[in-house]
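Notes to accompany the following structure.
All chains are named by letter (A, B, ...) in the order of the sequence lines, taking the proteins before the strands, and each is independently numbered beginning at 1.
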Amino acid sequence: MIDPKLLRQDPQQVSANLARRGFVFDAERYRALEERRRTLQTKTQELQNERNVRSKAIGAAKRRGEDVESLMVEVARIGDELSMTEEGLAEIQTGLEGIHFELPNLLHPDVPDGEGEEDNPELRHWGGIPTFDFKPRDHVDLGAQLGGMDFEAAARIAGSRFVVLSGQIARLHRALIQFMIDIHTAEHGYTEVYVPYLVNAAALTGTGQLPKFEEDLFKVEHDPAFYLTPTAEVPVTNLVRERIVDGAELPLRFVCHTPCFRSEAGNYGKDTRGMIRQHQFEKVELVQVVRPEESWEALEGLTGHAEVILRRLGLPYRVVALCAGDIGFSSARTYDLEVWLPSQERYREISSCSNFTDFQARRMKARWRNPETGKPELVHTLNGSGLAVGRCLVAILENYQQADGRVAVPEALVPYLGGQRLL
RNA sequence: GGAGAGGUGGCUGAGUGGUCGAAAGCACCCGACUUGAAAUCGGGCAGGGCGCGAGCCCUCGGGGGUUCGAAUCCCCCCCUCUCCGCCA
C-alpha cells in the first residue's frame with residue numbers, strides 16, 4: 001500500500017510514477033473522492049463530539065439527581081443525523097480502501113523504462129556458457145533416459161503441469177533443497193523456518209497477492225477460505241504481521257523451503273513441456289525484514305546470497321533489472337537471476353529478488369520501534385528465491401549432461417549424494 | 001466432532017452501563033542519588049486519523065444490535081487454551 005498521506009498530498013506524483021508501469025491512476029478522481037471523504041469525516045466527527053459531550057452531561061446530571069428527559073430527546077436527534085453521515089462515510093472509506101489495496105508500489109527511480117521482459121537490461125553475468133560437441137538434450141529427454149522423471153504418471157494422478165520424480169532424480173532434487181538451506185543458514189545468517197502451506201486471505205492481502213491476483217491462486221474449499229501458498233514469501237513475510245518488532249532484533253533473515261502452488265491461469269500454452277512451469281514446485285525462499293534505511297543495501301546483499309548458490313553449483317547465469325513494465329505489483333525494485341538453459345539457448349528466470357520497501361509492511365501493519373523516536377514505524381521487507389528448486393534441477397541436468405546422456409554431479413552436491421559423481 | 005474457559009496497551013493483567021482509552025506490575029525513556037553500575041526515588045510512556053495549534057474523532061479479537069451513552073448487555077463469526085472422542 002502506498003502511503004495514504006502521499007496520495008492525499010501529491011496524487012500527481014503518484015500517478016506519474018505508476019504511469020511508468022503502464023498503470024493508470026486517475027489523480028483528479030482520487031482527489032475528488034478524498035475531498036468528499038474529508039467533508040464527511042469532519043461532519044461525522046463534529047456530530048460524534050456533540051453526542052459524546054451531551055451524553056456525558058446526561059451522566060453527570062443523573063448523578064446529581066436532575067431530570068434528564070429533555071436532554072435525552074435532543075441527543076436522540078443527533079444520533080439519527082449521525083448514523084446517516086456515518087453510513088456515507090463508511091461507504092466512501094470502503095471505496096478509498098479498495099483503491100489503496102489495488103495500487104501497485106511506487107518504483108525506485110533507478111528502475112529502467114520498458115514494457116516487458118525483453119526490455120530488462122543485463123547488469124552482470126557469471127560463468128561461461130557451456131559448449132557441447134553434440135546436440136544437447138533438454139531435461140525432459142535426459143530425465144526419460146536416466147529414468148525418474150515421469151510426466152505421464154503425474155498427469156494420471158493430477159493433470160498437466162505436474163511431475164513425478166523418483167530414484168536418483170528425486171534424491172538430487174531433495175539434495176538441492178538441503179544444500180541451499182545449509183548455505184543460507186551457515187554462511188548468510190538466515191534462520192530456517194517451517195510454515196503453513198495453507199494461508200488465509202489476510203496474509204495474502206498483506207504481501208499483495210490479494211485482492212487483485214486471486215485467479216493466480218488455488219483456493220481450498222474451507223470456511224473461512226484457505227489458499228495454497230504460491231510462494232513462501234506469503235507465510236514467512238507475514239511472520240511480522242501486526243507486530244512491533246524490537247529494533248535490536250532487526251534485520252530478521254529467514255530461509256524457508258516450501259512447495260509453491262500456482263494456477264498459471266493465463267499461461268496456457270506457455271512452457272507446456274517439462275518442469276519449467278508447474279502447478280506445484282519447490283522453492284527455497286529468502287526473506288528479510290529490515291530497518292527502512294537499510295533496505296537498499298539489503299537488496300544487494302540478498303541478491304548476492306542467491307547468486308552464491310548458482311556459483312557453487314557452477315551454473316552460468318546473468319542478473320537483470322526488471323523494467324517498469326515487467327516488475328511485480330508489490331515491488332519497488334527487482335533483480336532477476338536467470339540461469340542458462342542449453343536446450344533453449346537462453347537464460348531463464350530462477351530467482352527474483354525484490355525490495356518491497358514499506359508497501360507490504362503497511363498492508364500487514366508490520367512495524368518496529370525506532371529507538372530514536374520511540375515510536376512504532378513501518379519496517380521494510382524483501383525477498384528472493386534462493387533458489388527455485390525445480391528450475392535448478394533442470395539447469396543442472398542440461399548444463400552437466402554428457403554425450404552419452406548421463407549427467408555429472410556438481411562438485412558441491414557430491415557430499416549430498418553420498419559421494420555419487422555421475423547420474 | 002462434543003464440553004468448558006478466554007481474547008484489553010510492547011508484555012502480564014484489573015476493569016462487568018456514564019469523568020475508562022483503561023488500575024497495577026514488567027519493559028522502555030528522562031531526571032535525581034552514585035566515581036560508574038545496580039538498587040532506590042520522581043516523572044513520562046497504546047495505536048491510528050484530522051488540524052498550524054488548542055484540540056477533536058476512532059480503536060479493548062471481527063461484524064451486527066440494544067442504549068442518550070458500550071471494553072462492560074444481546075446476537076453472529078474468527079482465534080487461542082483445557083478436557084473428552086477420533087486420528088497422521
Compare every heavy atom of [Y] with every heavy atom of [X], then report the nearest pair and how far apart it is.
X	Y	answer
A:Ala203	A:Asn238	O-ND2, 2.9 Å
A:Val111	A:Cys323	CG1-C, 3.9 Å
A:Val379	A:Arg367	CG1-C, 3.7 Å
A:Phe25	A:Ser15	O-OG, 2.9 Å

| said: Give the residues of residues 88-105 of chain A touching RNA chain B, defined as any heavy atom closer than 4.0 Å, sorted by residue number. | reply: none
| request: With a 4.0 Å heavy-atom cut-off, tell me which residues in residues 246-254 of chain A come close to RNA chain B, sorted by residue number. | output: none
Considering only atom [atom1], compute the distance from [N] to [M] and round it to an integer number of Å.
N	M	atom1	result
B:G7	B:G63	C1'	16 Å
B:U80	B:U8	P	14 Å
B:U19	B:A70	P	11 Å
B:C68	B:C76	P	24 Å
B:C83	B:G69	P	44 Å
B:A32	B:A38	C1'	15 Å
B:C58	B:A71	C1'	14 Å
B:C78	B:G61	C1'	8 Å

Phosphate OP1/OP2 of [N] contacted by [X] side-chain N/O (<4.0 Å):
X	N	result
A:Lys62	B:C68	no
A:Asn52	B:G18	no
A:Arg51	B:C57	no

Gap between atoms [atom1] and [atom2], on [X] and [N] respectively (whole Å):
X	N	atom1	atom2	answer
A:Glu242	B:C78	CD	C1'	13 Å
A:Gln41	B:G55	CD	P	20 Å
A:Phe226	B:C79	CZ	P	7 Å
A:Lys43	B:C58	NZ	P	16 Å
A:Lys56	B:G17	NZ	C1'	15 Å
A:Glu86	B:G69	CD	P	11 Å
A:Arg241	B:G61	CZ	P	17 Å
A:Ile58	B:G17	CD1	C1'	13 Å

For [N], give its Watson-Crick or G-U wobble partner with both distances under 3.5 Å, or none.
N	value
B:U67	none
B:C45	none
B:U82	B:A3
B:U40	B:A32

Any side-chain donor paired with an acceptor under 3.5 Å for [X] and [Y]?
X	Y	value
A:Thr207	A:Glu233	no
A:His279	A:Glu264	no
A:Tyr416	A:Arg174	no
A:Thr357	A:Asn105	yes

Could you please name the option among [options] that lies closest to any side-chain atom of [X]?
X	options	value
A:Lys375	B:G47, B:C58, B:G49	B:G47
A:Ser55	B:G49, B:C68, B:G21	B:C68
A:Arg369	B:G49, B:G10, B:C56	B:G10
A:Asn49	B:C56, B:G47, B:C58	B:C56
A:Pro376	B:G21, B:C56, B:G47	B:G47

| Under the 3.5 angstrom rule, does the side chain of A:Asp119 hit a backbone N or O of A:Gly116 as a donor-acceptor pair? | yes
| task | Would you state whether a donor and an acceptor, one from the side chain of A:Gln45 and one from the base of B:G49, lie under 3.5 Å apart? | result | yes
| message | Please report the interatomic distance CD(A:Glu69) to CD1(A:Ile58), rounded to the nearest 0.5 Å. | response |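 The CD atom of A:Glu69 sits 9.5 Å away from the CD1 atom of A:Ile58.
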| task | Please indicate whether A:Glu372 has more than 12 foreign heavy atoms, meaning atoms of other residues, nucleotides or ligands, lying under 6.0 Å from its CD. | result | no
| RNA chain B: A:Glu46 or A:Arg38, which has the more 5' nearest nucleotide? | A:Arg38
| request: Answer with yes or no after comparing the ring centroid distance for A:Phe261 and A:Tyr197 against a 6.0 Å cut-off, counting only values under it. | output: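 No: the rings miss the under 6.0 Å criterion.
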| task | Identify whether any heavy atom of A:Ile244 sits under 4.0 Å from a base atom; if not, whether one sits that close to sugar-phosphate; answer base, sugar-phosphate or nothing. | result |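 Sugar-phosphate only.
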